[in-house]
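See structure below.
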Amino acid sequence: MSKADKTILRALAGETLPTPPIWMMRQAGRYLPEYRATRAQAGDFLSLCYNSDLAAEVTLQPIRRYGFDAAILFADILLLPQALGADLWFETGEGPRLSTITTMAGVKGLKPKEAIHDKLAPIYETVRILARELPRETALIGFAGAPWTVATYMIAGRGTPDQGPAHALKAADRATFSALIDVITEATIDYLSEQVKAGAEVVKLFDSWAGSLKGQDFTDFAVKPAARIITALKARHPGLPVIAFPREAGAGYIGFAKATGADCVAVDNSVSPEWAAENVQKDGCVQGNLAPDHMVTGGQALIDATRRVVDAFRGGPHIFNLGHGITPDADPDNVALMIETVRNA
Ligand SMILES: Cc1c2[nH]c(c1CCC(=O)O)Cc1[nH]c(c(CCC(=O)O)c1C)Cc1[nH]c(c(CCC(=O)O)c1C)Cc1[nH]c(c(C)c1CCC(=O)O)C2
């Protein structure tokens with residue numbers, strides 16, 4: 001089998017396949033007992049991210065268990081801010097905490113992008129291990145956070161329900177806010193480029209909080225940074241496929257692929273698959289969008305909803321996925337049922 005036969009790469013190139021390739025956001029995660037065991041062996045989540053052998057191991061676990069068509073590098077979008085000089089830690093049961101950046105002096109105090117690779121070297125090593133060890137039919141996806149989403153954590157120092165602190169800085173001190181977006185954008189290009197050099201075949205940009213950017217802000221801080229990153233990456237790595245995920249963008253999903261140069265737009269489950277087929281898939285490959293709750297609840301409702309997603313996207317290129325990451329309370333048997341349903345639909 002040659003690289004060109006990997007089903008995800010075919011879908012990303014615009015091919016309509018009889019059965020959509022499938023992978024799952026957060027497919028390596030706490031719902032899997034083998035993940036919990038390896039995480040315990042590493043000590044904590046960040047130690048797992050920076051231990052290349054163990055990070056490769058947890059990336060491979062869902063591939064062995066389920067035979068997904070793609071593996072996603074095990075890491076986190078907040079490793080980049082840490083490499084830029086922010087402090088980062090995870091509060092058990094709560095989530096990430098970072099030192100905050102809210103002034104121009106703070107932005108100027110970040111490390112130059114050339115300095116990020118020392119800290120991120122173990123991530124590139126994880127990619128190299130995976131490029132060697134993955135089954136030949138499995139594509140390897142690298143990723144980074146999109147600048148807006150990463151900035152929301154760097155400004156607030158934590159996850160926030162409405163991204164209030166980032167919106168406040170954007171309103172009060174546009175120059176500082178824009179300078180931070182620029183620093184993240186430039187560093188993200190180099191970070192993803194190193195992942196590609198190490199063996200990532202696809203890259204995905206996670207803009208988890210894109211939905212809270214409205215109007216011109218969506219254009220300036222979701223569309224434009226993504227376009228800049230994608231243009232630069234494709235100049236360095238001709239033919240590199242890119243998936244963009246402007247989560248909860250709603251009408252902002254329309255035209256996003258054309259405006260950014262993304263080969264595929266991942267859609268969350270707040271839009272119906274029929275709407276996404278009509279409005280987004282007309283421009284190319286779509287990824288999504290089964291509600292992650294079905295991985296908890298299972299049963300006939302899971303089967304029906306899975307078939308509905310497959311049927312809605314049958315007329316064009318599609319990568320089957322959830323609308324957001326699988327949650328820790330999911331039942332691994334429901335994942336198997338979803339995959340069986342997709343492959344027999
Ligand atoms: C916002 C964001 C983060 N990280 C990420 C995003 C964007 C996607 C999204 O919206 O989910 C992206 C991410 N995080 C992780 C991956 C690895 C690849 C994958 O499995 O999809 C990816 C692509 C591992 C992870 N990142 C995290 C875990 C759980 C850590 C653990 O094992 O305790 C995993 C598997 C931790 C994390 N990391 C982050 C938060 C808010 C949390 C805490 C919430 C939680 O616990 O689920 C930041």
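Computed from heavy atoms alone, side chains included, the values below leave out hydrogens, waters and symmetry copies. All ligand and atom numbering here is 1-based and tracks the order in the structure. Because the structure is a prediction, the values reported are computed rather than measured.
- Remark: L180 CG to T185 OG1 distance equals 9.0 Å, nearest 0.5 Å.
- Around atom 3 (C) of ligand 1, the closest heavy atom drawn from V150, I77, T152, L79 belongs to I77.
- Ion pairing between K111 and D118 fails under the 4.0 Å rule for side-chain N and carboxylate O.
- Looking at ligand 1, you won't find any N or O of T149 less than 3.5 Å from one of its N or O atoms.
- In E15, the CD atom is crowded: over 12 heavy atoms of neighbouring residues, nucleotides or ligands sit closer than 6.0 Å.
- For atom 22 (C) of ligand 1, the closest non-hydrogen atom of the protein is F143 CZ, 3.6 Å.
- Assignment of M24 to the shell around ligand 1 is not supported, since no heavy atom sits closer than 4.0 Å.
- If you number the atoms of ligand 1 from 1 as listed, the ones under 4.0 Å from a heavy atom of Q27 come out as 20 (O).
- The protein non-hydrogen atom at the shortest distance from atom 34 (C) of ligand 1 is F45 CE1, 3.5 Å.
- Counted by atom type alone, H167 and S212 present one or more donor-acceptor pairs between their side chains at under 3.5 Å.
- Between K197 and D190 there is no salt bridge, since no side-chain nitrogen of the basic residue lies less than 4.0 Å from a carboxylate oxygen of the acidic one.
- Clustering ILVMFWY residues whenever any of their side-chain heavy atoms sit less than 4.5 angstrom apart, transitively, puts F45 in the very cluster that holds L73.
- At a 4.0 Å cut-off, not a single heavy atom of W209 sits close enough to ligand 1 to count as contact.
- A salt bridge does not link D311 with R308: none of the charged nitrogens is closer than 4.0 Å to a carboxylate oxygen.
- For ligand 1, the atoms sitting less than 4.0 Å from at least one non-hydrogen atom of L73 are 17 (C), 18 (C), numbered in the order shown with element in parentheses.
- Those atoms of ligand 1 with a heavy atom of R39 less than 4.0 angstrom away are 31 (C), 32 (O), 33 (O).
- In terms of N/O distances under 3.5 Å, ligand 1 is not approached by Y153.
- Atom 7 (C) of ligand 1 has as its closest protein heavy atom S208 OG, 3.1 Å.
- Summarising the local packing, NZ of K282 is surrounded by more than 12 heavy atoms from other residues, nucleotides or ligands at distances under 6.0 Å.
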Point to revise | Working for side-chain contact (heavy atoms from CB on, under 4.5 Å), residues L120 and L80 | key: CA-CA 8 Å; L120 295 169; L80 182 65; 4.0 Å; yes
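- Close contacts between ligand 1 and Y35 involve ligand atoms 31 (C), 32 (O), 35 (C) [criterion: under 4.0 Å to a heavy atom].
- Relative to the six-membered ring of Y191, K113 misses at least one condition, a distance below 6.0 Å or an angle of at most 45° to the axis.
- Ligand 1 lies out of reach of L48, whose nearest heavy atom is not under 4.0 Å from it.
- What sits closest to atom 37 (C) of ligand 1 on the protein, heavy atoms only, is F90 CE2, 3.5 Å.
- Interface atoms of ligand 1 facing F74, defined by a heavy-atom separation under 4.0 Å, are 35 (C).
- Heavy atoms of P96 come nearer than 4.0 angstrom to ligand 1 in at least one pair.
- For the pair R247 and ligand 1, the shortest N or O to N or O distance does not fall below 3.5 Å.
- Annotation: atom 21 (O) of ligand 1 to nearest protein heavy atom, R26 N, 2.8 Å.
- Atom 44 (C) of ligand 1 is not flagged as protein-proximal [any protein heavy atom, distance under 4.0 Å].
- Taking only nitrogen or oxygen atoms, main chain and side chain alike, R30 reaches within less than 3.5 Å of ligand 1.
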Exercise for review: Give the intermediate values and the outcome of side-chain hydrogen bond (donor to acceptor under 3.5 Å, both in side chains) for residues Q300 and D304.
Suggested key: CA-CA 6 Å; Q300 189 61 42; D304 293 345; 2.9 Å; yes
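- For the pair K204 and F245, the distance from NZ or CZ to the six-membered ring centre is under 6.0 Å and the angle to the ring normal is within 45 degrees.
- Put simply, V242 and F206 are part of two different groups of oily side chains (I, L, V, M, F, W, Y) that touch within less than 4.5 Å, one to the next.
- At least one heavy atom of A75 lies less than 4.0 angstrom from ligand 1.
- Nearest protein heavy-atom contact of atom 11 (O) of ligand 1 is H324 NE2, 3.1 Å.
- A salt bridge does not link D268 with R247: none of the charged nitrogens is closer than 4.0 Å to a carboxylate oxygen.
- When only non-hydrogen protein atoms are considered, atom 38 (N) of ligand 1 lies nearest to D76 OD1, 2.7 Å.
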